[in-house]
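Okay, structure first, notes after.
Reckoned from all heavy atoms, side chains included, excluding hydrogens, waters and symmetry mates.
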Amino acid sequence: MTKRPIIIDTDPGIDDAVALAIALYSEELEVKLITTIAGNVGLDKVTTNALRLLQFFGKDIPVALGATKPLIKAPIDASDIHGSTGMDGFEFEEPTKDLVLKEHAVNAMRRVLMESPEPITLVPIGPLTNIALLLSMYPEVKEKIAKIVLMGGSTGRGNMGVMSEFNIVADPDAAKIVFQSKLPVVMVPLDVGLKALVYPEDSEQLKGMNDTGRMIYQLFQKYRGGSMKTGLKMYDATAIAYLLKPEMFQVVDTFVDIELQGAMTAGCTVVDLKGYLKQPNNAKVCVDIDADVFKKWFLESLQKCN
Ligand SMILES: [Ca+2]
């Protein structure tokens, strides 16, 4: 089987760590590049976390550093959710910097895309600043992008505001550029992340599964994306789930825009499920997930890791 090439743009982050583990060990995906973006914590910390994970997995994937802050608005600090390092709970070895490219993430993405004989899928699982910069600076890359499968937004309520989800509200201007890009965009929103839950009994299975399972189990002890008792929310892993097993989702074609001006709703995704705005569809939005299928897939996928 030829592997599908992807680029993951990430801000690890505990749920990012899970997404990376599954993607890096998948027989179906070839991760060509990892780009980092300030988000859950600052750029230095998320980059160190990405390098820690790659060293832990023994995977030599190039890493390029992206934007240190959003396009326009001030950054949000989410260290209350992910701990002060962004990935508290496991003692990683100090990573080498060997995998770090000299190029900025935007230039690295452009190069990898333009050099690729086949289109590449972009998988942003953090704020969309790098992707917006890429599309704005180098529009010629668009024909090399198969699609953008992003974790972010919500069709209903938010997790960083009444109506706003973290990855989108962290850089709403960037999100607007991505949704207006005319590229095929798949939005895997908060709605499904809230149902993609890992419970104590699932987490216990990870503990003795393999090294990766043990590491993730330990990270979960510090993760505040939900509580262990009522289920930990695997937000970012749902984007990888869409790539590998889209049939577990209910998906609708619709129009999505980003509210930039709302006095109380700035940064929310306006998902026009009923067509009030009379705009052409610009995204596929995952509106539901089969939670049982997800859980089975989640555990089976992590079993493939070392
Ligand atoms: Ca993330």
Side-chain angles (χ1 to χ4, degrees), residues 9-16 19 37-43 45-46 66-84 86 124-132 148-180 185-197 223-227 230-239 252 254-274 276-277 279 282-283 285-289:
D9 187 59
T10 177
D11 61 336
I14 291 171
D15 58 326
D16 300 73
I37 177 69
N40 286 320
V41 287
L43 187 72
K45 286 181 179 173
V46 296
T68 54
K69 58 189 189 65
L71 294 181
I72 296 170
K73 68 173 288 190
I76 303 171
D77 182 356
S79 56
D80 53 331
I81 297 165
H82 294 263
S84 61
I125 52 174
L128 290 163
T129 320
N130 288 338
I131 309 296
I148 299 175
V149 178
L150 65 92
M151 189 279 133
S154 167
T155 70
R157 297 292 173 132
N159 66 349
M160 277 305 282
V162 178
M163 305 299 283
S164 51
E165 179 279 332
F166 177 80
N167 284 346
I168 302 295
V169 76
D171 195 344
D173 302 280
K176 197 173 187 83
I177 290 170
V178 171
F179 279 96
Q180 291 185 345
V185 173
V186 179
M187 169 174 149
V188 190
L190 192 60
D191 316 58
V192 298
L194 295 175
K195 294 182 181 173
L197 298 173
Y223 183 46
R224 295 292 167 262
S227 81
T230 53
L232 297 176
K233 294 159 191 149
M234 293 297 107
Y235 300 121
D236 289 343
T238 58
V252 295
T254 186
F255 174 72
V256 180
D257 204 349
I258 312 300
E259 179 59 78
L260 296 181
Q261 303 298 332
M264 285 173 282
T265 55
C268 94
T269 40
V270 178
V271 182
D272 191 13
L273 293 172
K274 293 195 173 164
Y276 292 120
L277 300 172
Q279 295 294 319
N282 64 349
V285 176
C286 298
V287 292
D288 205 355
I289 185 170

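- Looking at Val162 and Met264, their side chains never come closer than 4.5 Å, going by heavy atoms from C-beta outward.
- When every heavy atom of Gly66 is checked against every heavy atom of Leu43, the shortest pair comes out as O-CD2, 3.2 Å.
- Annotation for Val169 and Lys73: closest pair O-NZ, 2.8 Å, computed over non-hydrogen atoms.
- Residues Val270 and Leu277 are in side-chain contact: their nearest non-hydrogen atoms beyond the backbone lie under 4.5 Å apart.
- Remark: side-chain polar atoms of Asp173 are not paired, donor with acceptor, to backbone N or O of Ile72 under 3.5 angstrom.
- Applying the side-chain hydrogen bond (donor to acceptor under 3.5 Å, both in side chains) criterion to Thr254, with sequence neighbours excluded, gives no partner residue.
- Heavy atoms only, all atoms of each residue included: Val192 and Val188 are closest at CG2-CG1, 3.5 Å.
- In this structure, Gln180 CD and Ile258 CD1 are separated by 8.5 Å, a value rounded to the nearest 0.5 Å.
- With a 4.5 Å cut-off on side-chain heavy atoms, Lys195 and Thr238 do not count as touching.
- In this structure, the side chain of Tyr223 engages the main chain of Lys233 through a donor-acceptor pair within 3.5 Å.
- For the pair Val46/Thr10, no side-chain contact is recorded, criterion being any heavy-atom separation below 4.5 Å from C-beta on.
- In this structure a side-chain-to-backbone donor-acceptor pair under 3.5 Å is present from Asn130 to Ala67.
- Between Thr265 and Met163, the shortest heavy-atom distance links the atoms CG2-CG, 3.9 Å.
- Side chain of Asp171 to main chain of Leu128: no donor-acceptor pair is present (N/O by atom type, distance under 3.5 Å, no hydrogens or angles).
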- Run the side-chain contact (heavy atoms from CB on, under 4.5 Å) check on Met160 and Ile76 step by step: do they pass? CA-CA 10 Å; Met160 277 305 282; Ile76 303 171; 3.3 Å; yes
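- Proximity of Asn167 to Leu150: side-chain heavy atoms (C-beta onward) are nowhere separated by under 4.5 Å.
- Atom CG in Leu232 sits 9.0 Å away from atom CD1 in Ile14 (nearest 0.5 Å).
- Val271 places none of its side-chain heavy atoms less than 4.5 Å from the side chain of Phe255.
- Residues Asn40 and Phe166 have side chains in contact (heavy-atom distance under 4.5 Å, counting atoms from C-beta outward).
- Across all non-hydrogen atoms, the minimal contact from Gly153 to Ile168 is N-CG1, 3.1 Å.
- Side-chain N or O atoms of Asp9 include none that pairs as donor or acceptor with a backbone N or O of Ile37 at under 3.5 Å.
- Taking each heavy atom of Ile289 and Ala196 in turn, the nearest pair found is CD1-CB, 4.4 Å.
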Inset, instruction - Please assess Asn282 against Val256 for the test side-chain contact (heavy atoms from CB on, under 4.5 Å), listing each intermediate value before the final yes or no. - result: CA-CA 7 Å; Asn282 64 349; Val256 180; 4.0 Å; yes
Between Asp16 and Asp11, does a side-chain contact (heavy atoms from CB on, under 4.5 Å) hold up when you go through it step by step? CA-CA 7 Å; Asp16 300 73; Asp11 61 336; 2.9 Å; yes
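- Within the 4.5 Å cutoff, the side chain of Thr269 has no heavy atoms near those of the Glu165 side chain.
- Each salt bridge (charged side-chain N to carboxylate O under 4.0 Å, His left out) pair with one or both residues in residues 256-271, not counting sequence neighbours, appears once here: Lys176-Asp257.
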